[in-house]
Number of protein chains: 2
Amino acid sequence: MKLEKKTHITLQDVAKHAGVSRATASLVLRGSKHITESTREKVLTSMQQLGYVYDRVAANLRSKVSTTVGLIIMELANPFYSELLVGIHQELDKFGQTVILGTTFDSESIQERLLSTMLEHRVGGIILSAVPGSPSEPINRIEQLGIPVVLVGRRLPEAKCDYVGVDNIMGGRIAVDYLIHKGHRRIAFIGGYSQLSSWQGRKQGYDKAFEQAGLPIDPAMIIESPATRQGGIDAIEKLLRLPNRPTAIFCYNDTIAIGAMMKLQDAGICPGQDMAIVGFDDIPEAAILSPKLTTVSSFPRMMGAHAARLLYSRIEGSTLDPTAVILEPQLIIRDSCKFSGSS
Amino acid sequence: MKLEKKTHITLQDVAKHAGVSRATASLVLRGSKHITESTREKVLTSMQQLGYVYDRVAANLRSKVSTTVGLIIMELANPFYSELLVGIHQELDKFGQTVILGTTFDSESIQERLLSTMLEHRVGGIILSAVPGSPSEPINRIEQLGIPVVLVGRRLPEAKCDYVGVDNIMGGRIAVDYLIHKGHRRIAFIGGYSQLSSWQGRKQGYDKAFEQAGLPIDPAMIIESPATRQGGIDAIEKLLRLPNRPTAIFCYNDTIAIGAMMKLQDAGICPGQDMAIVGFDDIPEAAILSPKLTTVSSFPRMMGAHAARLLYSRIEGSTLDPTAVILEPQLIIRDSCKFSGSS
DNA sequence: CTGAAAGCGCTTACAG
DNA sequence: CTGAAAGCGCTTACAG
């Protein structure tokens with residue numbers, strides 16, 4: 001905890017060593033043009049010699065500036081969020097911002113705590129993938145403080161802030177359209193929870209596709225479960241007990257699809273051959289499964305980059321009305337839908 | 001950049017509102033016992049009413065304390081590092097420390113820059129997976145400043161600091177022993193670079209296994225390449241051009257193994273059946289490949305947790321000599337080695 | 001148990 | 001172009 005820097009060099013020391021005032025040294029530090037080349041050099045070499053380390057934290061405190069951004073996501077051990085993080089981190093790095101990380105494991109109380117911690121750390125803004133069903137009041141209160149927040153992936157109805165996500169309705173739509181065109185009539189939708197805005201969107205797309213095809217929807221085909229591999233396994237178990245099994249499965253996301261494929265294989269059902277599978281997100285894993293997973297890409301890395309840019313523009317003072325950046329999803333056709341239903 | 005908090009409430013405001021001094025309010029904040037219950041309550045309710053946000057940064061500056069830790073790794077889009085990050089983050093969270101992230105992409109100059117940035121942000125310590133071949137002088141200089149650093153996964157010969165890693169020699173040994181016992185005689189070792197301390201260890205284990213079995217080593221079987229999927233693909237291409245192909249492949253890590261399996265499949269060679277494959281690390285992907293990948297687990301999450309604990313003990317003032325925590329690897333036998341060489 | 005003063009390391013007007 | 005002073009929001013001795 002204690003920073004027991006043995007001989008801690010401050011700007012004061014540098015100034016004295018260079019024979020100038022603290023203010024002058026500070027000016028040199030930030031490359032002011034109002035400094036003579038000769039004093040500039042003197043100060044610079046003094047810094048070198050003394051091994052001076054700039055204290056950005058103290059500087060930020062004084063100048064009321066922040067160079068950190070908070071990122072709150074569900075968990076790290078999930079390729080979707082890893083990819084999101086990569087996009088955010090890479091983009092923010094360009095702006096000289098560093099990210100402070102927090103994971104909620106979808107617990108509302110942890111989210112509350114993290115939000116507080118981030119504020120205490122004087123973040124300039126927050127990127128939040130909110131716990132489903134969490135109240136939007138804390139977010140609005142934070143915005144009130146002048147700290148911008150952008151929601152990513154998961155939307156909160158009442159929150160007055162920016163949002164970056166994929167068009168879930170279209171995503172669900174193109175996935176199910178594709179399956180219907182392949183001749184499937186009984187198509188399950190498994191994984192995720194109906195509180196999730198992304199679940200709702202994907203389900204809506206599913207409904208629309210059925211509607212337009214003039215097909216009836218069987219509520220038994222809709223199975224909620226945690227968005228984990230285990231959740232996929234569990235959902236398949238339930239599905240296999242059904243008297244009238246589906247011929248295709250649209251999974252809430254790729255992680256669910258992985259679990260589903262594992263369980264299917266265990267049950268002697270060949271995914272892709274005996275049962276068509278479509279995922280969502282296109283995480284790196286999707287391409288190495290066998291069969292390679294056909295999935296709807298939500299471009300998580302790009303989502304992250306957009307969120308970072310949007311947040312930074314807010315930090316820089318943009319006062320536009322809250323905007324929503326909706327990425328267009330794309331069906332990535334691979335090998336997990338060879339089977340052609342009852343066509 | 002600017003933190004234009006509309007009506008920024010400070011401890012001063014709280015104190016005035018509660019009718020006490022700033023010092024008293026500060027004491028309340030940190031739960032001092034020398035405060036009357038009644039004033040405690042007064043102050044607390046004032047904080048509530050005014051919507052006070054504690055400025056931990058200012059507090060840390062004054063009390064010369066740090067609540068952040070720097071983490072520098074090669075890249076985020078790599079399951080090994082994701083897992084490492086999970087372990088570190090989870091453990092550090094328990095100590096109330098937040099992590100500041102940086103990725104080098106194995107560029108020495110980026111690493112230099114990140115190290116500086118972290119110091120400027122007043123991190124209490126640094127966990128570093130160093131760029132191979134980078135000088136240890138900056139690290140020693142940082143330690144000199146009183147900022148502990150722990151190296152993780154990759155060792156630097158001259159660095160006087162803690163290290164957490166897996167026993168690479170043993171890891172290489174058990175992988176190759178296993179293949180030899182399965183009857184293989186021509187075993188390739190592909191991926192990674194010989195500058196990496198982990199590569200050197202695994203290769204040493206490989207050599208030892210051959211030596212003990214009284215088998216000759218063919219230098220053509222050793223192929224270096226970037227530790228990426230593409231690196232695995234490239235290595236296999238080279239391997240297939242060889243007049244005398246191997247019957248088994250020990251991969252520097254699982255990511256290499258994934259690329260290798262992809263390329264093998266493309267070439268009409270069935271991994272696991274026509275060619276045995278062993279990976280290293282046991283990233284989550286290993287279990288979903290088909291065939292499921294037999295691999296040497298390096299327990300990346302546990303590595304992260306150890307590194308975090310070790311660093312924190314240093315931050316707390318531990319002055320033991322630099323220690324090395326070496327985790328014991330474990331062979332995870334799955335399905336990628338069905339073929340039994342020439343036995 | 002509480003208050004007045006000094007200080008963490010820096011930057012920001014304001015003089016000169 | 002450079003210096004002396006005040007202040008960012010907090011904590012830390014030191015009195016009382």
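Since this is a predicted model, take the numbers as computed values, not measurements. All values below were derived from every heavy atom in this structure, side-chain atoms included, with hydrogens, water molecules and symmetry-related copies excluded. Here is how names work: the chains are called A, B, and so on, in the same order as the sequence lines, proteins then strands, and each is numbered from 1.
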Exercise. Out of E112(B), E108(B), Q111(B), which residue meets the side-chain hydrogen bond (donor to acceptor under 3.5 Å, both in side chains) rule with S134(B)?
Worked result: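 Answer to the side-chain hydrogen bond (donor to acceptor under 3.5 Å, both in side chains) test with S134(B) among E112(B), E108(B), Q111(B): Q111(B).
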Figure out the [atom1]/[atom2] separation between [X] and [N], and round it to whole Å.
| X | N | atom1 | atom2 | answer |
| --- | --- | --- | --- | --- |
| R122(B) | dG9(C) | CZ | P | 8 Å |
| I9(B) | dC10(D) | CD1 | P | 10 Å |
| Q12(B) | dA5(C) | CD | P | 13 Å |
| K16(A) | dT2(D) | NZ | C1' | 18 Å |
| N60(B) | dC10(C) | CG | C1' | 16 Å |
| L27(B) | dT11(D) | CG | C1' | 9 Å |
| E120(A) | dT11(D) | CD | P | 11 Å |
| R62(A) | dA5(D) | CZ | P | 16 Å |

Categorize [X] for me: base, sugar-phosphate, or nothing, with a 4.0 angstrom heavy-atom threshold over every strand shown.
| X | answer |
| --- | --- |
| I35(B) | sugar-phosphate |
| A23(B) | base |
| R22(A) | base |

Any side-chain N or O of [X] less than 4.0 Å from the OP1 or OP2 oxygen of [N]?
| X | N | result |
| --- | --- | --- |
| S21(B) | dG3(C) | yes |
| T24(B) | dG3(C) | yes |
| T39(B) | dT2(C) | yes |
| T36(B) | dT2(C) | yes |
| K64(A) | dG9(D) | yes |

Exercise. With respect to the side chain of A59(A), which nucleotide from dG9(D), dT11(C), dC1(C) is positioned closest?
Worked result: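 The closest nucleotide is dT11(C).
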Exercise. Among dG3(D), dC8(D), dT11(D), which nucleotide sits nearest the side chain of V20(A)?
Worked result: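 Closest of the options to the side chain of V20(A): dG3(D).
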Problem set entry | Heavy atoms of other groups near Q48(A) CD, more than 12 under 6.0 Å |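 No, not enclosed.
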For this session: Flag yes if more than 12 heavy atoms outside E158(B) fall under 6.0 Å of its CD atom; otherwise flag no.
Result: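 Atom CD in E158(B) is not crowded, with 12 or fewer foreign heavy atoms closer than 6.0 Å.
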For this session: For residues K160(A) and E143(A), report the shortest heavy-atom separation together with the two atoms involved.
Result: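 Looking at all heavy atoms of both residues, the shortest contact is O-CD, 3.9 Å.
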For this session: Using both distances under 3.5 Å as the test, list the Watson-Crick or G-U wobble partner of dA4(D), or none.
Result: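 Pairing partner: none.
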Exercise. Considering every strand shown, what is the Watson-Crick or G-U wobble mate of dA13(D) when both distances are under 3.5 Å?
Worked result: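 Pairing partner, where one exists within any strand: none, as none qualifies.
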For this session: Mind running side chain to side chain contact (heavy atoms under 4.5 Å, CB included) on K42(A) and V14(A) for me, showing each step along the way?
Result: CA-CA 10 Å; K42(A) 260 194 306 185; V14(A) 172; over 6 Å; no
Exercise. Closer to the 5' end of DNA chain C via nearest nucleotide, is it S26(A) or A58(B)?
Worked result: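 The residue whose closest nucleotide sits nearer the 5' end is A58(B).
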Exercise. Without hydrogens or angle criteria, can the side chains of S38(B) and T36(B) be said to hold a donor-acceptor pair below 3.5 Å?
Worked result: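 Side chains of S38(B) and T36(B): no pair found under 3.5 Å.
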